[in-house]
Number of protein chains: 2
Amino acid sequence: MDEVFKALADASRRSLLDRLHARNGQTLNELCEGLAMTRQAVTKHLAILEQANLVTTFKHGREKLHYLNPVPIHQIGERWIKKFERAKLVALSELKRQLEKRDE
Amino acid sequence: MDEVFKALADASRRSLLDRLHARNGQTLNELCEGLAMTRQAVTKHLAILEQANLVTTFKHGREKLHYLNPVPIHQIGERWIKKFERAKLVALSELKRQLEKRDE
DNA sequence: TTGACATGCAACCATTTAGTTGCCTATTGT
DNA sequence: ACAATAGGCAACTAAATGGTTGCATGTCAA
């Protein structure tokens, strides 16, 4: 779980996930196109995404195909966001109560 | 959005959010209790959470009260996770298709 | 009013991180 | 066979990050 959050912390990596979401199964070079980064930098980002299990790869000849694995992202929603859903419901009223308490 | 993801990337900060979720409106010193960190380190974490709008604070006399703001977390779910929900549904079949393609 | 308590500010340090360059290996098409 | 293509590995650098210590400020309570 820690690795997933850390992987998602970087904007370049989120954009790589966006690209895979737009078209799944891209090669490393395809993912590099149009980015202001060297191929090696992208390789490192993909390795981090892979270690967080957000991306799965298959080798096909000399190419490496990258696939988005949305399951960990879904788990964030399941385990973490839902935890704060109820809090969201009462947030406004709590803040309101606090603002009144402030004038004591 | 970038700030929210970065704020969530650190385990200490997520645990601070957990603590606030368990009991909202704690002071800085209360949030420090039992942590293997100096007060100043916690202050920095809370500042990052505040800047990401995940925590809101009110000063009450000499105390600073910290409140969880779950809205940005909820927005992650809205804007980002749902984007990958459909992808999750087709992920397995896509992977399967790829595995077959591999043997061409 | 003065000491204790709650917090703020700033300088400093070590580690991690994001990126680079340079070179090596493996596969493919002609 | 061999040049071009796709990717891998390692060393290095600059900047960001997470943490510390030391001191200053503001508020409360006796």
Side-chain angles (χ1 to χ4, degrees), chain A residues 1-20 23-52 54-68 98 101-104, chain B residues 1-20 23-52 54-68 98 101-104:
Chain A
M1 185 54 97
D2 192 80
E3 284 183 319
V4 177
F5 277 110
K6 283 204 172 158
L8 292 178
D10 187 88
S12 303
R13 286 193 287 270
R14 291 199 302 278
S15 124
L16 284 170
L17 292 183
D18 287 342
R19 280 166 156 246
L20 285 180
R23 188 162 62 86
N24 216 359
Q26 295 187 63
T27 68
L28 173 57
N29 270 328
E30 283 171 339
L31 287 170
C32 287
E33 276 166 24
L35 291 187
M37 249 186 298
T38 58
R39 173 177 57 82
Q40 287 82 351
V42 176
T43 301
K44 284 193 185 178
H45 283 307
L46 288 172
I48 290 169
L49 290 170
E50 206 174 342
Q51 212 165 340
L54 283 161
V55 162
T56 313
T57 61
F58 300 97
K59 265 200 218 156
H60 187 67
R62 65 179 158 181
E63 295 179 333
K64 192 174 186 183
L65 303 172
H66 297 77
Y67 286 82
L68 173 65
Q98 182 54 35
K101 196 178 167 186
R102 208 182 166 190
D103 299 326
E104 282 174 9
Chain B
M1 185 55 97
D2 192 80
E3 285 183 317
V4 176
F5 277 111
K6 282 205 171 159
L8 292 177
D10 187 88
S12 304
R13 287 195 286 272
R14 292 199 300 276
S15 125
L16 284 171
L17 292 183
D18 286 342
R19 280 165 157 244
L20 285 181
R23 188 161 62 85
N24 216 359
Q26 296 188 62
T27 69
L28 172 59
N29 270 328
E30 283 171 340
L31 287 170
C32 288
E33 276 165 24
L35 291 187
M37 249 186 296
T38 58
R39 175 178 56 81
Q40 287 82 347
V42 177
T43 301
K44 283 194 186 178
H45 283 308
L46 288 172
I48 289 170
L49 290 170
E50 207 174 339
Q51 211 165 342
L54 284 161
V55 162
T56 313
T57 60
F58 302 97
K59 264 199 217 157
H60 187 66
R62 64 179 159 181
E63 295 180 333
K64 191 173 184 183
L65 303 173
H66 297 77
Y67 286 81
L68 173 65
Q98 182 53 36
K101 195 176 166 188
R102 207 182 166 191
D103 299 325
E104 282 175 9

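Scope of the values below: all heavy atoms of this structure, side chains included, with no hydrogens, waters or symmetry mates.
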[N] [atom2] sits how many Å from [X] [atom1], rounded?
X: A:L28; N: C:dA26; atom1: CG; atom2: C1'; result: 15 Å
X: A:E33; N: D:dT5; atom1: CD; atom2: C1'; result: 14 Å
X: A:K6; N: D:dA16; atom1: NZ; atom2: C1'; result: 13 Å
X: B:H60; N: C:dT7; atom1: NE2; atom2: C1'; result: 15 Å
X: A:L35; N: C:dA18; atom1: CG; atom2: P; result: 15 Å
X: B:L8; N: D:dT17; atom1: CG; atom2: P; result: 14 Å
X: B:I48; N: C:dG8; atom1: CD1; atom2: P; result: 15 Å
X: B:M37; N: D:dT20; atom1: CE; atom2: C1'; result: 12 Å

If you check every side-chain atom of [X], which of [options] has the closest atom?
X: A:E63; options: C:dA18, D:dA10, D:dG7; result: D:dG7
X: B:T38; options: C:dG22, D:dT20, C:dG19; result: D:dT20
X: A:N29; options: D:dA10, C:dA10, D:dG7; result: D:dG7
X: A:R13; options: D:dG19, C:dA18, C:dT7; result: C:dA18
X: B:T43; options: C:dG8, D:dG8, D:dG18; result: C:dG8
X: B:H45; options: D:dG18, D:dA11, C:dG8; result: D:dG18

Please determine whether any donor N or O and acceptor N or O are separated by less than 3.5 Å between the side chain of [X] and the base of [N].
X: B:Q40; N: D:dG22; answer: yes
X: A:R62; N: C:dG29; answer: no
X: A:K59; N: D:dG7; answer: no

Does the [X] side chain pair with the main chain of [Y], one donor and one acceptor, at a distance under 3.5 Å?
X: A:R13; Y: A:L8; answer: no
X: A:H66; Y: A:T57; answer: no
X: B:R19; Y: B:L31; answer: yes

B:Q51 CD: over 12 foreign heavy atoms closer than 6.0 Å: no
Atom pair OG (A:S15) and NE2 (A:H45), whose distance is rounded to the nearest 0.5 Å: 9.0 Å
5' precedence on DNA chain C between A:A36 and B:K64 (nearest-nucleotide basis): B:K64
Closest-nucleotide ordering on DNA chain C, the 5'-leading residue of B:K44 and B:T27: B:T27
